[in-house]
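Some notes on the structure that comes next.
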Amino acid sequence: MRNPRWLLPALVATCVLFAAPLSLMLLGSVKSGEELARNPHGLFPENWAWSNYLEVFTSLPLGTYLRNTLLLCLGCVSGSLLSCSLVAYSLARIPWQGSRWLFGTVLLTLLLPWQVTMIPRFVLISELGLYDSLWAIILPCFLGDAFYIFLLRQFFLSLPQSLLDAGRLDGLSHWGLFWRIVVPLSYPALTAVGLFQFIETWNNFGGPLLYLSDPAKFPLASGLERFVSSYGDQTHLFLAAATIFTLPAFLLFFLAQRHFLGTASSGGIKG
Amino acid sequence: MLVAPPLNRETSAGLAFASPWLLGLLVLFAWPFAISLYWSFCHFDLINPPEPAGWANYQRIGRELWAGQGFGLALINTAYTILISVPLSILLGLVLATWLSYDLPGRGLFRAIIFLPSMVPVVAASVLWLWLLNPSDGWLNAALEWCGLPAQNWLTQSRSALSPESVQRLVSEPLANWKLAGSKDALVLMTLWGVGNYVVIYLAAMGDIPRSLYEAAALDGAGAWRRWCHVTLPMLSPVILFQLVVGIIRGVQTFTNVYLLSEGTGQPAGSLLTLSLQLFLAAFEDLQVGYASAIAWCLFVILAAATWALFRTSSAWVHYRTHT
């Protein structure tokens, strides 16, 4: 069947609308503050003010924010990978009586809104003396995350039993089976979990809002919000800062494009 | 004990490997779940020990619900955003996925452009939209005026509730003065911009529909539109149900962009005071933890009931493939 004739124009128009916000952000981030105020709706900058990107580093402590964000990402990614893979192995590959029941609790917590547990968690974290510490956000990652446990369990279930049986015959304990067979075979799934957790931590705003009050401990997300709410008129600078903050997500997208748009090579339907 | 030794060893290994989750379940879920239910029946300010208060917090919620303030206002705001943004997201997602499934030149680029906005961190997206929606010199109003449409009071004015008077006022005014959109519609707009997540899932599901079904329908003389209605749509219905449930859950839990668009206040005129923001402000601004816990529990019950109802009615419209 042929494509309808109106399809291409309609798609191009939609894509222009979808691309406009980010394009305007990129273009705005290289206009001078004076130009943005004088001519807010000029499309291309009269003078390309690349210095905005340098100015942003001097006018707000971007280095500190970046360091905090990276510390959070490092802590949360390693915590999640370790805890979720261990729990997923128990649920998928150890035949013990409580495992079905425990898997049920994993699914149940997925349905529980964060609002219900937010306040008691805050009280708990404060009681532990972790308020205003990055550990308040990192530590819970070491106790597993329902979604990642679920994802890894499904992957571990797909590994061939014969490999594990062979390991058993060679006298490996569960600990040995886990580290020598399951983990090396699961790099794709572990990479996916690591990436998801990285993005989640990078983007996380609610956690730092709740647990951090000292600006020296702020990650980028909180720093950006603080900057916008106190220097809202410095449009050129917060557009540049927002662009910097968005970059990793874009990089990741272009690196893993095939993965995200998995159907790109398959045929799809034809009308 | 009755348990045989080898089984026992498996059990202890299973428990040992699962210990992070066991601890997490206890400390991060079970205890908070129970204690927040208890606190919802207390007066508690995070400083002094909680004092039992009976049903006081729930009575307050009931009163506010009746008066359309506080919790009532937050519920209306949340319902408004969800009832508009979820159906529109699903519709737009389906349309875009259908368009992108055609074999067009530059299809990869189109897909990337549609998908990319959903990758933008919420904080960056909110900052960006705050700028675009600025009522005085923002891009969106400029674009609307360029198209000959009236500029809207994004983020500065709440739309008044629909009443006979407001409808009459609208009808009597010239089109150029219509101020239809308010802060919540700005939120809907942001949600629609991030629809790429949905599109990708629909596209993947469309790829799984057996081609033979389309061929059979074409042989029966069905045109493109009828093939879409009678083959694509039913085959996608399980995914649509999933998106519906996820959309409602996410909509209720949305916090970051609401907080950022309203600068952490729910203003103007409480028009962006959603349930999650109301709960956050009650707990950490007003230190009314008992009341906030009661809100959390009402939210939980509403969400559970909505999910349950959706699944119960789904058998009528969701078509599960029994064989491929």
Side-chain angles (χ1 to χ4, degrees), chain A residues 3 7-8 10-11 14-15 18-19 21-22 24-25 40-41 83 86-87 89-90 94-97 99 102 105 109 112-117 119-121 140 142-144 149 174 202-203 205-206 221 224-225 228-229 235 238 242 245-246 249 253 257 260-264 266 268-271, chain B residues 10-11 13-14 17-18 20-21 23-25 28-29 31-33 35-36 96 99 101-104 108 110-111 113-117 119-124 127-128 131-132 137 139 142 193 200 203-204 206-207 209 214 224 252-253 255-256 260 263 276 279 283 289 292-293 296 299-300 303:
Chain A
N3 300 330
L7 184 62
L8 198 60
L11 205 50
T14 316
C15 282
F18 267 80
L22 285 175
L24 292 174
M25 176 172 92
H41 303 132
S83 61
L86 282 172
V87 177
Y89 178 82
S90 167
I94 305 182
W96 62 288
Q97 283 172 332
S99 73
L102 203 64
T105 67
T109 58
L112 194 67
W114 57 265
Q115 286 98 335
V116 175
T117 53
I119 304 169
R121 281 186 184 193
F142 279 87
L143 298 183
I149 291 174
H174 277 301
W202 180 275
N203 296 352
F205 175 76
L224 189 59
E225 191 268 342
V228 172
S229 61
T235 313
F238 77 64
F245 186 55
T246 314
F253 171 76
Q257 197 177 4
F260 285 120
L261 305 177
T263 49
S266 76
I269 58 157
K270 287 186 183 168
Chain B
E10 293 289 82
T11 305
F17 273 79
W21 177 250
L23 187 61
L25 186 66
L28 298 181
F29 290 101
W31 175 77
F33 190 69
I35 200 82
S36 76
L96 289 177
W99 288 1
S101 69
Y102 280 94
D103 198 7
L104 284 168
F110 289 136
R111 288 186 179 190
I113 289 175
I114 301 285
F115 180 69
L116 212 49
M119 293 282 291
V120 177
V122 196
V123 174
V127 167
L128 170 60
W131 175 60
L132 294 173
D137 63 353
W139 273 96
W193 185 56
V200 172
L203 268 175
M206 281 178 176
I209 301 176
Y214 288 105
V252 171
Q253 307 201 14
F255 174 77
T256 303
L260 284 160
E263 282 155 6
S276 20
L279 192 156
V289 172
S293 303
L299 184 146
F300 174 55
L303 204 57

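Order of the sequence lines fixes the chain letters, A, B, ..., with proteins taken first and strands second; residue numbering starts at 1 for each chain. These numbers were taken from a predicted model, which means no experiment stands behind them.
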Under 4.5 Å from a heavy atom of chain A, the part of [X] involved:
X	answer
B/L25	side chain
B/L28	both
B/I113	both

Given that the side chain runs from C-beta out, which part of [X] has a heavy atom under 4.5 Å from chain B: side chain, backbone, both or neither?
X	result
A/T235	side chain
A/F245	both
A/V116	both
A/T246	both
A/L7	side chain

Among [options], single out the residue with the greatest number of heavy-atom pairs under 4.5 Å to chain B.
options	result
A/V228, A/L224, A/L112, A/T109	A/T109
A/L24, A/L22, A/T14	A/L24
A/S229, A/A10, A/P21, A/S83	A/P21
A/P40, A/A19, A/G144	A/P40

For the interface with chain A, which of [options] has the highest count of heavy-atom pairs at distances below 4.5 Å?
options	result
B/A296, B/A283, B/P121	B/P121
B/L96, B/V127, B/L303	B/V127
B/V252, B/I35, B/L279	B/L279

For the [atom1] atom of [X] and the [atom2] atom of [Y], what is their distance to the nearest 0.5 Å?
X	Y	atom1	atom2	answer
A/L86	A/F142	CG	CZ	11.5 Å
B/F33	B/F300	CZ	CZ	4.0 Å
A/W96	A/L102	CH2	CG	5.0 Å

Minimum heavy-atom separation for [X] and [Y], please, with both atom names.
X	Y	value
B/P117	A/F18	CG-O, 3.9 Å
A/G206	B/T256	N-OG1, 4.4 Å
B/Q253	A/Q115	CA-NE2, 3.7 Å
B/S101	B/R111	CA-NH2, 4.2 Å
B/L260	B/V122	CD1-O, 4.5 Å

Q. B/E10 versus A/H174: any side-chain heavy-atom pair under 4.5 Å?
A.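 Yes; the side chains approach each other to less than 4.5 Å.
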(Q) Quick one about A/T105 and B/W21 (side-chain donor to acceptor, distance below 3.5 Å, no hydrogens or angles considered), yes or no? (A)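 Judged by distance alone, the side chains do pair up.
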